[in-house]
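Okay, so here's the structure we're looking at.
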Amino acid sequence: MSADRPLAGALQDVPEPPGVSIVIPAYNEESVIRQCLIAAIYQSVPAEEIIVVDNLSTDRTARIVRQMQQEYPESPIILLRQGDTQGLIPTRNHGLNNATGDVVGRIDADSVLEPDWVEQVQKAFIDPSVAAATGPVVYYDMPMRRFGLKADDKMRQLMLRLAKHQYHFLFGSNMALRRTAWETIRDEACLDPKDEMHEDIDLSLHLFEHDLKVQYLPQMVSGMSARRLEDSPRDYRYYVQRFDRTYKAHNVKKMALKAPMVVFFSVYFPAKLLRAIHTANSAQGARRGGA
């Protein structure tokens with residue numbers, strides 16, 4: 001009996017994994033919301049709740065979510081409506097404020113989580129010093145996906161080194177916050193009514209101001225669409241310059257943090273061409289398959 005006591009004590013010392021909520025802001029996302037929810041449902045460890053926040057959609061987004069609630073009654077899919085203001089940030093905030101999990105994941109409506117995403121998030125947040133976590137993405141509508149995942153991971157780790165590990169930036173398509181960390185910064189997070197900044201970097205900088213630790217996890221992987229490449233060069237440039245506008249709003253002047261802007265600018269045209277070729281090949285393959 002005495003030999004069993006140390007084992008029992010060790011088991012008692014293992015902290016219980018935190019419950020994870022997933023928040024998905026959505027505006028006119030009928031083409032992608034179903035695949036996003038299916039990936040969130042089929043996890044190795046289930047999320048406590050999967051919250052879709054519909055922001056005045058004029059398409060079938062809300063109807064598809066309600067259909068999936070009926071198709072998957074055992075899954076904790078919740079549909080909320082944020083109809084006060086048009087915009088990502090108030091929609092995101094509404095979801096984060098209504099989440100009940102110890103940890104709140106935040107993804108985009110075109111995100112497709114890897115099957116162990118919730119499990120990896122739980123592992124990260126067992127460490128009580130971790131206030132937020134983020135990981136790399138794989139672009140599922142681009143060629144050479146696994147190569148792209150490695151490249152994305154390398155780029156994010158390079159950003160950490162350039163920032164001398166002072167700033168750890170969250171990525172809106174693949175991030176999670178401890179609910180207590182969100183409660184600490186939610187009244188300070190910029191509302192950005194002119195829609196000029198990167199909301200995920202804004203959150204990261206507010207966390208930094210409170211000395212709340214952001215952890216980068218290569219194992220915390222989400223798929224996302226490269227549909228941003230469909231933007232015109234002018235719109236894409238405005239998107240990339242959000243980095244600069246966010247830094248200025250926080251009076252951050254570290255030159256090394258401009259590196260992501262250089263990378264994003266440099267990959268736009270070759271990545272756009274690759275995606276066009278991939279899309280054309282996929283369409284041709286689909287026609288052959290249907291023939």
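The first residue of the sequence shown is numbered 1, and numbering continues consecutively from there. These numbers come from a predicted model, not from an experiment.
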TODO: State whether Asp108 and Arg106 are salt-bridged, where the test is any N-O pair (Lys NZ or Arg NE/NH1/NH2 against Asp/Glu carboxylate O) under 4.0 Å.
DONE: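 Here Asp108 pairs with Arg106 in a salt bridge, since their nearest N and O are under 4.0 Å apart.
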
Task: Sidechain N-carboxylate O distance under 4.0 Å for Glu199, Arg92 - done: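 A salt bridge links Glu199 with Arg92.
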
Below 4.5 Å, heavy atoms only, C-beta onward: do [X] and [Y] meet side chain to side chain?
X	Y	answer
Phe208	Val214	no
Ile78	Val52	no
Asp244	Met261	yes
Pro270	Leu273	no
Ser222	Glu114	no
Met224	Val112	no

Do you know the tightest heavy-atom contact between [X] and [Y]?
X	Y	result
Phe169	Ile201	CE2-CG2, 3.9 Å
Leu56	Gly83	CD2-CA, 3.7 Å
Tyr268	Pro233	OH-N, 3.3 Å
Leu207	Ala181	CD2-CB, 4.1 Å
Pro136	Asn174	O-ND2, 2.9 Å
Val221	Leu149	CG1-CD1, 3.9 Å

Task: Worked verdict on Tyr216 versus Asp153 for side chain to side chain donor-acceptor pair (under 3.5 Å) - done: CA-CA 10 Å; Tyr216 176 74; Asp153 175 46; 2.5 Å; yes

Would you say [X]'s side chain and [Y]'s backbone share a donor-acceptor pair under 3.5 angstrom?
X	Y	result
Gln43	Ala39	yes
Asp116	Gln120	no
Thr246	His198	yes
Ser173	Ser111	no
Gln122	Pro18	yes
Thr61	Ser57	no
Thr91	Gly87	yes
Arg178	Ala131	no
Asn55	Gln82	yes
Glu30	Arg60	yes

Open item on the list: According to salt bridge (charged side-chain N to carboxylate O under 4.0 Å, His left out), does anything in residues 31-51 pair up with another residue at least two apart or in another chain? List the pairs.
Closed with: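 Qualifying pairs: Arg34-Glu71.
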
Any chance you could measure [X], atom [atom1], to [Y], atom [atom2], to the nearest 0.5 Å?
X	Y	atom1	atom2	answer
Glu196	Arg245	CD	CZ	6.0 Å
Arg179	Asp102	CZ	CG	6.0 Å
Asn93	Asn98	CG	CG	11.0 Å
Ser75	Gln69	OG	CD	10.5 Å
Tyr27	Ile33	OH	CD1	14.5 Å
Ile22	Ile107	CD1	CD1	5.5 Å

- [ ] Before giving the answer on side-chain contact (heavy atoms from CB on, under 4.5 Å), spell out for Ile41 and Met68 the whole-Å C-alpha distance, their side-chain angles and the decisive distance to 0.1 Å.
- [x] CA-CA 10 Å; Ile41 290 168; Met68 294 195 68; 4.2 Å; yes

TODO: Using the six-membered ring of Tyr239, assess whether NZ or CZ of Arg228 lies under 6.0 Å from its centre and within 45 degrees of the ring axis.
DONE: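 Geometry flag: set, cation within 6.0 Å and 45°.
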
Open item on the list: Ring-plane angle category for Phe265 and Tyr236, please: parallel below 30°, perpendicular beyond 60°, tilted otherwise.
Closed with: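 It falls in the perpendicular class, over 60°.
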
Open item on the list: Below 30° counts as parallel, above 60° as perpendicular, anything between as tilted: where do the rings of His206 and His250 land?
Closed with: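 His206 vs His250 ring planes: perpendicular.
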
- [ ] State which residues pass ring-ring contact (aromatic ring centres under 6.0 Å, His included) with His94; sequence neighbours excluded, sorted by chain then number.
- [x]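 ring-ring contact (aromatic ring centres under 6.0 Å, His included) check on His94 returns nothing, list empty.
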
TODO: Check the pair Glu29 / Asp54 against side-chain contact (heavy atoms from CB on, under 4.5 Å), numbers first and verdict last.
DONE: CA-CA 9 Å; Glu29 298 287 4; Asp54 179 43; over 6 Å; no

Task: From CA spacing to verdict: side-chain contact (heavy atoms from CB on, under 4.5 Å), Asp110, Tyr140 - done: CA-CA 10 Å; Asp110 66 350; Tyr140 54 73; 3.7 Å; yes

Task: Thr58 side chain to Asn28 side chain, donor-acceptor N/O pair below 3.5 angstrom - done: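 The answer is yes; a qualifying pair exists.
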
Are [Y] and [X] linked, directly or through intermediate hydrophobic residues, by side-chain heavy-atom contacts shorter than 4.5 Å (ILVMFWY only)?
X	Y	value
Leu170	Trp117	no
Leu37	Leu113	yes
Ile38	Val65	yes
Leu96	Ile24	no
Ile185	Phe171	no

Task: Intermediate values then yes/no, side-chain contact (heavy atoms from CB on, under 4.5 Å), Arg186 and Glu188 - done: CA-CA 5 Å; Arg186 65 181 171 189; Glu188 304 170 8; over 6 Å; no

Open item on the list: Walk me through whether Gln67 and Tyr72 qualify under side chain to side chain donor-acceptor pair (under 3.5 Å).
Closed with: CA-CA 9 Å; Gln67 287 173 350; Tyr72 299 89; over 6 Å; no

Open item on the list: Are there over 12 heavy-atom neighbours, none belonging to Arg63, within less than 6.0 Å of that residue's CZ?
Closed with: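 Count not over threshold, so no.
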
- [ ] Answer yes or no: does atom OH of Tyr42 have more than 12 heavy-atom neighbours from other residues, nucleotides or ligands under 6.0 Å?
- [x]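 No, not enclosed.
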
Open item on the list: Please evaluate residues Asp195 and Arg242 with respect to the criterion salt bridge (charged side-chain N to carboxylate O under 4.0 Å, His left out), reporting the C-alpha separation (whole Å), side-chain torsions for both, the decisive distance (0.1 Å), and the verdict.
Closed with: CA-CA 9 Å; Asp195 191 23; Arg242 288 174 182 267; 3.1 Å; yes

Task: Non-neighbouring partners of Arg275 that pass side chain to side chain contact (heavy atoms under 4.5 Å, CB included), sequence neighbours left out - done: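 Applying side chain to side chain contact (heavy atoms under 4.5 Å, CB included) to Arg275 gives Asp141, Met142, Ser225, Ala226, Arg227, Leu229, Glu230, Thr279.
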
